[in-house]
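Chain letters run A, B, ... following the sequence lines, proteins first and then strands; every chain starts at 1. Everything quoted here is computed from the prediction, not taken from an experiment. Side chains are part of it too, since the values below use all heavy atoms of this structure and drop only hydrogens, waters and symmetry mates.
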Amino acid sequence: MRLYNSQSRSKEEFIPVHPGKVGIYACGPTVYNYFHIGNARPFIIFDVLRRYLESVGYEVTFVQNFTDIDDKMINRANEEGITVKALADRYIKEYFTDAKALGIHPATVHPRATEHIPQIIALIETLIDNGLAYETNGDVYYRVHAFPRYGCLCGQNLEDLESGARVSIGEQKEDPLDFALWKAQKKGEPAWESPWGMGRPGWHIECSAMSMEYLGETFDIHGGGKDLLFPHHENEIAQSEGATGKPYVRYWMHNGFINIDNEKMSKSKGNFFTIRDIAKEYDMEAVRMFMLSAHYRSPVNFSRELVAQAASALERLYGARDQLAFLMKTAEDREPDADEQQLMAQADQSRQKFDAAMADDLNTADAIAALFELVREVFKLPQAGVSRQALQKAEQAMLQMTGVLGLLLKQTDGISPEVKAMMDERAQARKDKNWKRSDELRDAIHAAGYTLEDTAAGQKVRKNV
RNA sequence: GGUGCCAUAGCCAAGUGGUAAGGCCAAGGUCUGCAAAACCUUUAUCCCCCGGUUCGAAUCCGGGUGGCACCUCCA
């Protein structure tokens with residue numbers, strides 16, 4: 001597999017630290033609210049990366065943290081008059097609800113910052129011992145100038161970075177670029193005991209501490225949104241490598257942003273959507289399809305029309321799956337004929353193209369194209385009496401591909417006895433050429449939530465979207 | 001100011017040296033009692049513009065134009 005590494009700015013062959021195993025750390029949400037459409041992109045992308053790596057045989061340890069202590073958490077908790085812990089518990093629960101709707105598997109581990117205070121403190125102490133951090137008035141800062149490689153990820157030197165830096169009033173830093181590792185307690189804030197007094201961890205240090213806790217001092221893949229490249233990930237490198245003296249991460253992956261109607265999503269512009277908002281209007285699986293229809297590094301625009309397009313494409317995919325299941329009922333146990341052999345060849349070809357696309361820096365758009373090439377062949381099959389062997393091969397290939405993408409997650413529901421009765425009555429009505437009654441029943445079935453189609457092999461139902 | 005990204009049909013989007021994938025939408029046709037779904041056909045002589053390299057470029061190089069991001073704990 002080849003992955004684009006943000007650090008080298010080029011695609012590199014993926015070679016894991018430990019053969020057969022992959023460690024991935026993805027920056028998770030700050031749990032002060034429902035997560036938004038922009039958060040959803042990396043969650044879905046790294047879920048697909050993980051599914052893909054597992055599908056080709058890797059044992060994957062996937063870590064995604066919850067930031068459950070920071071300024072936003074404290075402010076929100078104060079607004080609502082609840083504790084930071086209660087706020088975190090609530091939105092972590094909501095995270096899993098939304099993630100499930102989007103087809104995102106739970107990570108191997110979902111560490112919370114507040115449950116790793118000892119590891120964080122130990123890491124800061126090491127940095128102080130190494131001369132890379134200093135304490136002033138209960139705050140601890142990272143001494144950026146003491147880490148020669150600072151800027152290695154974002155590709156900028158200290159002088160250039162400094163020209164854009166600004167200092168907040170009240171901070172006693174040696175240098176404007178120095179960043180907080182530990183913040184002394186302010187009135188009314190949650191705090192933990194430390195060698196520097198009561199306080200709480202800075203944002204950057206939690207990811208260094210938790211990633212190394214679960215994945216080791218050097219691990220394979222670290223990802224997040226492009227905006228995290230600087231300063232968050234740059235700081236993680238400074239912290240981790242400054243403490244261990246070893247390379248921290250082999251491959252840095254960063255996803256592009258989602259714009260709303262060609263504008264950056266922001267609360268001030270009023271174009272800020274949480275997944276929970278979108279779920280009221282759209283099928284979450286269509287949102288996933290939308291996310292995978294473009295390459296993960298490109299910026300994408302999010303709009304109502306684009307989700308509708310994704311929903312239509314997804315419907316075609318479901319149609320193909322249902323068609324295979326439908327054909328299976330009349331499948332024949334015999335050798336495949338020429339057309340059926342072509343279907344089987346297409347199944348192999350699609351799989352190959354799919355794998356090649358995924359192996360090329362997770363090119364989901366190209367992979368989906370390969371999937372649809374098989375879909376087209378499936379629809380060309382006769383309505384009944386197809387070779388079972390050929391059907392099974394096509395179905396297996398299709399489900400393997402959709403499984404990697406995390407699509408086609410909905411099961412086909414059983415039909416209720418009422419709908420079944422209406423279908424039976426309609427079958428008789430059609431036999432009697434009673435078209436009026438037949439159409440009435442079709443409308444009634446539609447109202448009951450199903451769309452009816454007449455095929456050579458009888459009536460076929462599918463659930464309305 | 002520093003650093004980087006992007007520009008492909010009505011819409012979305014792959015393709016990074018060998019002659020334009022796939023999806024959505026649209027039109028015509030086939031099938032159907034009528035539908036629906038599906039299938040067939042049509043839909044970019046051309047990939048923002050101008051130069052250059054090359055037998056050959058959407059793909060490489062230079063210069064424009066337009067859009068965007070990071071440098072502000074926003075994925």
Check your understanding: For atom C1', what is the distance between B/rC71 and B/rA9, given to the nearest Å?
Key -> 38 Å

Review point. Between B/rG33, B/rG2, B/rA75, which nucleotide gets closest to the side-chain atoms of A/Met265?
Key: B/rA75

Check your understanding: With no angle test and no hydrogens, is the base of B/rC68 tied to the side chain of A/Lys264 by a donor-acceptor pair under 3.5 Å?
Key -> no

Check your understanding: What's the closest nucleotide to the A/Arg9 side chain, out of B/rG4, B/rA36, B/rA21?
Key -> B/rG4

Exercise for review: Taking atom P in both B/rU43 and B/rC34, compute the distance separating them and give it to the nearest angstrom.
Suggested key: 30 Å

Point to revise | Whole-angstrom distance between B/rA58 and B/rG17, as gauged at atom P | key: 13 Å

Practice item. Give one of base, sugar-phosphate or nothing for A/Arg426, where a contact means two heavy atoms less than 4.0 Å apart. Key: base

Check your understanding: Side chain of A/Ala313: nearest nucleotide among B/rC24, B/rG33, B/rA75?
Key -> B/rC24

Practice item. Assert yes or no for the condition that the ring centre distance of A/Phe66 to A/Phe96 is strictly below 6.0 Å. Key: yes

Check your understanding: Do A/Arg442 and B/rC34 have a side chain to base donor-acceptor pair shorter than 3.5 Å?
Key -> yes

Review point. Which sits closer to the 5' end of RNA chain B, A/Ile37 or A/Gln309, going by the nucleotide each is nearest to?
Key: A/Gln309

Review point. Is there a donor-acceptor contact under 3.5 Å from the side chain of A/Asn65 to the main chain of A/Gly28?
Key: yes

Exercise for review: Give one of base, sugar-phosphate or nothing for A/Gly224, where a contact means two heavy atoms less than 4.0 Å apart.
Suggested key: sugar-phosphate

Point to revise | Pairwise P distance for B/rU72 and B/rC60, with rounding to whole Å | key: 32 Å

Review point. A/Gly256 near the nucleic acid: base, sugar-phosphate alone, or nothing, with a heavy-atom cut-off under 4.0 Å?
Key: base

Review point. Any luck finding a side-chain donor-acceptor pair between A/Glu285 and A/Tyr318 under 3.5 Å?
Key: yes

Check your understanding: Looking only at side-chain N and O atoms, does A/Arg437 come under 4.0 Å of OP1 or OP2 in B/rC34?
Key -> no

**Study point:** Side-chain donor or acceptor of A/Asn363 paired with backbone N/O of A/Met358 under 3.5 Å
**Key:** no

Practice item. For A/Phe230, answer base if it contacts any base atom (sugar-phosphate contacts may also be present), sugar-phosphate if it contacts only those atoms, and nothing otherwise; contact means non-hydrogen atoms under 4.0 Å. Key: sugar-phosphate

**Study point:** For A/Phe354, all residues meeting ring-ring contact (aromatic ring centres under 6.0 Å, His included), sequence neighbours excluded
**Key:** none

Review point. Counting only side-chain N and O atoms of A/Thr455, is one of them less than 4.0 Å from OP1 or OP2 of B/rA36?
Key: no

Check your understanding: Base, sugar-phosphate, or nothing: which does A/Leu228 touch, judged by heavy atoms less than 4.0 Å apart?
Key -> sugar-phosphate

Review point. What pairs with A/His295 under ring-ring contact (aromatic ring centres under 6.0 Å, His included), at least two apart in sequence or on another chain?
Key: none

Review point. In Watson-Crick or G-U wobble terms, both distances under 3.5 Å, what is the partner of B/rA20?
Key: none

Exercise for review: Give A/Asp227 one of three labels, base, sugar-phosphate or nothing, depending on what nucleic acid heavy atoms sit under 4.0 Å from its own.
Suggested key: base

Point to revise | Given A/Arg2, A/Lys11, A/Arg297, the one that forms side chain to side chain donor-acceptor pair (under 3.5 Å) with A/Asp361 | key: A/Arg297

**Study point:** side-chain contact (heavy atoms from CB on, under 4.5 Å) involving A/Arg304 - partner list, sequence neighbours excluded
**Key:** A/Glu281, A/Tyr282

Quick test: give all pairs of protein nitrogen or oxygen and nucleotides 15-18 of chain B nitrogen or oxygen below 3.5 Å, distance rounded to 0.1 Å.
{"unit_1": "B/rG15", "atom_1": "OP1", "unit_2": "A/Asn363", "atom_2": "ND2", "d": "2.8"}

Exercise for review: To the nearest 0.5 Å, tell me how far A/Lys463 NZ sits from A/Thr451 OG1.
Suggested key: 10.0 Å

Exercise for review: Would you classify A/Cys27 as touching base, sugar-phosphate or nothing, given that sugar-phosphate means primed atoms plus P, OP1 and OP2, and contacts are heavy atoms under 4.0 Å?
Suggested key: nothing

Point to revise | A/Tyr91 ring center near A/Tyr34 ring center (under 6.0 Å) | key: yes

Exercise for review: Between A/Arg41 and A/Leu452, just flag the one whose closest nucleotide in RNA chain B comes earlier from the 5' side.
Suggested key: A/Leu452

Check your understanding: Using a cut-off of 4.0 Å on non-hydrogen atoms, how would the nucleic acid contact of A/Lys460 be classed: base, sugar-phosphate, or nothing?
Key -> nothing

Practice item. Name every residue in residues 371-382 of chain A that has at least one heavy atom under 4.0 Å from any atom of RNA chain B, in order of residue number, or write none if there are no such residues. Key: A/Phe372, A/Glu373, A/Arg376, A/Phe379, A/Lys380

Review point. Heavy atoms under 4.0 Å, any strand shown: does A/Gln156 hit a base, just sugar-phosphate, or nothing?
Key: base

Check your understanding: Hey, does the side chain of A/Arg316 come within less than 4.0 Å of B/rA38's phosphate (OP1/OP2), counting only N and O?
Key -> yes

Check your understanding: Expressed as a whole number of Å, how far does the C1' atom of B/rC68 sit from that of B/rC55?
Key -> 38 Å

Review point. Using atom P of each nucleotide, how far apart are B/rA75 and B/rA13 to the nearest Å?
Key: 23 Å

Revision key, fill the gap. Sequence neighbours excluded, the answer for ring-ring contact (aromatic ring centres under 6.0 Å, His included) partners of A/Tyr32 is none

Review point. What nucleotide among B/rU3, B/rA14, B/rA36 has an atom nearest to a side-chain atom of A/Ala294?
Key: B/rA14

Check your understanding: Do A/Asn39 and B/rC74 share a donor-acceptor pair, side chain to base, under 3.5 Å?
Key -> no

Check your understanding: Say you pick atom P in B/rC25 and the same atom in B/rC12; how far apart are they, in whole Å?
Key -> 15 Å

Point to revise | Rounded distance in Å between the C1' positions of B/rU8 and B/rU45 | key: 15 Å

Point to revise | hbond_proxy A/Ser438 side chain to B/rG33 base (donor-acceptor, 3.5 Å cutoff) | key: yes

Practice item. Can you figure out which of B/rA37, B/rC25, B/rA14 approaches the side chain of A/Ser312 most closely? Key: B/rC25

Point to revise | Any side-chain heavy-atom pair of A/Met73 and A/Leu87 under 4.5 Å | key: yes

